[in-house]
Peer 1: 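Handing you a structure now.
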Amino acid sequence: MRLLYFAWVKEKAGVAAEEIQPPEGVATVAELIVWLKARGPEFANAFARAEVIRAAIDRSHVRHDASIAGAREIAFFPPVTGG
Amino acid sequence: MRLLYFAWVKEKAGVAAEEIQPPEGVATVAELIVWLKARGPEFANAFARAEVIRAAIDRSHVRHDASIAGAREIAFFPPVTGG
Amino acid sequence: MIRVQQEDFDVGAEIARLRADRTDIGAIVTFLGTVRDQGGAVAEMTLEHYSGMTEDELSRIEEEAHARWPLQASLIVHRYGSLRPGDNIVLVATASEHRDAAFDAAKFLMDYLKTRAPFWKREDGPGGPRWIEADARDETSMTRWDKSSAAE
Amino acid sequence: MIRVQQEDFDVGAEIARLRADRTDIGAIVTFLGTVRDQGGAVAEMTLEHYSGMTEDELSRIEEEAHARWPLQASLIVHRYGSLRPGDNIVLVATASEHRDAAFDAAKFLMDYLKTRAPFWKREDGPGGPRWIEADARDETSMTRWDKSSAAE
């Protein structure tokens, strides 16, 4: 699946987009975040305050308990500040 | 004092503006309306439903119990419908 | 600023003038009122007004809005005379740092204008001329600005 | 209609296009959001967005407004990229027969846009770049559109 990062999540993670294949057992957004944080200090830092990070699956907002099964594109970003 | 009439009050009364000198004892807007209605059928008709007529003294909205003492310009009109 | 005029106005130009070269404005809300044909029932409309009192009343309403909200600029333009369906009638604009103040002040200006500014509409349609009756809801709308509830 | 674009927009032209030659519209409310310099603290601003999701989200928000209010037309235009103080950021416009629907729908569109549309502002000032933090009041503003209270 494709992961996207925006704003300061992107800056801290040091990457804008990547293709990943999370292991079996990573079933929800929350679990994906835990797995991402273990990948290195940049990701640990980007997701340090996981509770403030928003997620979207296939371009729709989701909560952290949402299933990632079948997702093609998952995005992580801070609370939005447009308008 | 000068009296002004607007919209259908003007059309029914058949006059847009006039100078009048109400008699002693006509102290309020309500009393002025009673006196105007006695002047003829056009005025009786224009002020038939006196309760819906709005009044302004010297260009400020007033209630019917307002004193007309010292007024230079008194206007009568229907509820406003601008905007 | 308030203006009462017979001629049309240009919404884009009015907003541009309101902003001028200011860089401290964050939000501008505008209300534009236009003549509805009401399914062909209105061919023409005449707006009568009480020259002199209209300007006084609009100025009072604008002052009241500035007293209630932190506005950086505001504008009320109202036309009178003969108008046709689709024509502009009124423009209200409010500028503020934040959107809630701009929205609320614009709504307030329109609610007050609707019940206080001395304008009267006469519609001329196939059925002859007809003075528009005031909408009772306009009086009700005013109550939402009572000082007590405004303090929410 | 929704549009996400880098280039500026002309408020007057957008409103004119929204009205086209229609004579059934009575009220048009517009909200224009602009870049504030915040007393010199902001020299430039960059608006990042999630291309694709932005359009989807704005369309969903617009549909929701049409489901809630009798709107004759609506428009959301939002810019991204590099902006300077005084520049246009966002334009929301709603057209309806009556003013309350137009006002409420415009306010609703802005409230939803502020908490749902995937845009992020970075301010570049004398103190260096800084990602704007979301305003907690924006989340609170959303609650005023809960179905229950909207039925008032």
Side-chain angles (χ1 to χ4, degrees), chain C residues 9-16 18-43 72 84-100 102-104 106-111 113-114 135 137-138 140-141 144 152, chain D residues 9-16 18-43 72 84-100 102-104 106-111 113-114 135 137-138 140-141 144 152:
Chain C
F9 50 81
D10 179 319
V11 181
E14 297 294 346
I15 296 175
L18 192 78
R19 301 167 72 177
D21 294 316
R22 297 181 68 155
T23 52
D24 57 339
I25 292 174
I28 297 176
V29 170
T30 65
F31 175 90
L32 173 64
T34 53
V35 181
R36 286 184 297 141
D37 64 2
Q38 299 179 37
V42 179
Q72 296 166 311
R84 305 181 72 83
D87 281 357
N88 294 327
I89 302 172
V90 61
L91 179 70
V92 155
T94 51
S96 185
E97 288 193 21
H98 299 288
R99 74 185 186 286
D100 273 354
F103 267 119
D104 290 349
K107 205 165 179 176
F108 170 90
L109 288 173
M110 281 308 302
D111 284 346
L113 190 156
K114 281 269 181 187
D135 190 333
R137 286 174 301 181
D138 288 333
T140 310
S141 296
R144 58 186 167 207
E152 277 176 24
Chain D
F9 51 80
D10 179 318
V11 182
E14 297 294 346
I15 296 174
L18 192 79
R19 301 167 73 175
D21 295 318
R22 296 181 68 155
T23 51
D24 57 339
I25 292 173
I28 298 176
V29 169
T30 65
F31 175 90
L32 173 65
T34 54
V35 181
R36 286 184 296 139
D37 65 1
Q38 299 179 38
V42 180
Q72 297 166 311
R84 303 181 73 85
D87 281 357
N88 295 325
I89 302 172
V90 61
L91 179 70
V92 154
T94 52
S96 184
E97 289 193 20
H98 299 288
R99 75 184 185 286
D100 273 353
F103 266 120
D104 291 349
K107 205 164 178 177
F108 169 90
L109 288 173
M110 281 308 302
D111 283 348
L113 191 156
K114 280 270 182 186
D135 190 332
R137 286 175 299 181
D138 289 333
T140 311
S141 296
R144 59 185 165 208
E152 275 176 24

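Residue numbering restarts at 1 for every chain, and letters A, B, ... go by the order of the sequence lines.
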Peer 1: Could you please spell out the steps behind the side-chain contact (heavy atoms from CB on, under 4.5 Å) verdict for Met110(C) and Asp100(D)?
Peer 2: CA-CA 10 Å; Met110(C) 281 308 302; Asp100(D) 273 353; over 6 Å; no
Peer 1: Give me the contact list for residues 28-36 of chain D versus chain C, heavy atoms only, anything under 4.5 Å, ordered by residue number.
Peer 2: Ile28(D), Val29(D), Thr30(D), Phe31(D), Leu32(D), Gly33(D), Thr34(D), Val35(D), Arg36(D)
Peer 1: Report the residues that fulfil ring pair (Phe, Tyr, Trp, His ring centres under 6.0 Å) with Phe9(C), sequence neighbours left out, ordered by chain and then residue number.
Peer 2: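 With sequence neighbours excluded, Phe9(C) shows a ring pair (Phe, Tyr, Trp, His ring centres under 6.0 Å) to no residue whatsoever.
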Peer 1: Hey, mind stepping through Val11(C) and Glu14(D) against side-chain contact (heavy atoms from CB on, under 4.5 Å) and telling me if it holds?
Peer 2: CA-CA 10 Å; Val11(C) 181; Glu14(D) 297 294 346; over 6 Å; no
Peer 1: Between CG of Asp104(C) and CZ of Phe103(D), what distance do you get to the nearest 0.5 Å?
Peer 2: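 Taking CG in Asp104(C) and CZ in Phe103(D), the distance rounds to 9.5 Å.
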Peer 1: Not counting sequence neighbours, which residues clear side chain to side chain contact (heavy atoms under 4.5 Å, CB included) with Thr23(C)? List them please.
Peer 2: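 Asp37(D), Pro85(D).
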Peer 1: For Ile25(D), is it the side chain, the backbone, both, or neither that has a heavy atom closer than 4.5 Å to a heavy atom of chain C?
Peer 2: both
Peer 1: Determine which pairs satisfy salt bridge (charged side-chain N to carboxylate O under 4.0 Å, His left out) with at least one residue from residues 22-33 of chain D, sequence neighbours left out, and list them in order.
Peer 2: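 Checked against salt bridge (charged side-chain N to carboxylate O under 4.0 Å, His left out) - neighbours excluded - the pairs reaching residues 22-33 of chain D are Arg22(D)-Asp24(D).
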Peer 1: Which answer fits Asp87(D), side chain, backbone, both or neither, if we ask what part of it has an atom under 4.5 Å from a heavy atom of chain C?
Peer 2: backbone
Peer 1: Under a 4.5 Å heavy-atom cut-off, does chain C meet the side chain of Ala106(D), its backbone, both or neither?
Peer 2: both
Peer 1: Non-hydrogen atoms of chain C under 4.5 Å away: do they reach the side chain of Thr94(D), the backbone, both or neither?
Peer 2: neither
Peer 1: Where does Arg19(D) contact chain C at under 4.5 Å (heavy atoms): side chain, backbone, both or neither?
Peer 2: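 For Arg19(D), side-chain heavy atoms alone lie under 4.5 Å from chain C.
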Peer 1: Tell me, with the steps shown, if Lys107(D) and Arg99(C) meet side-chain contact (heavy atoms from CB on, under 4.5 Å).
Peer 2: CA-CA 9 Å; Lys107(D) 205 164 178 177; Arg99(C) 74 185 186 286; over 6 Å; no
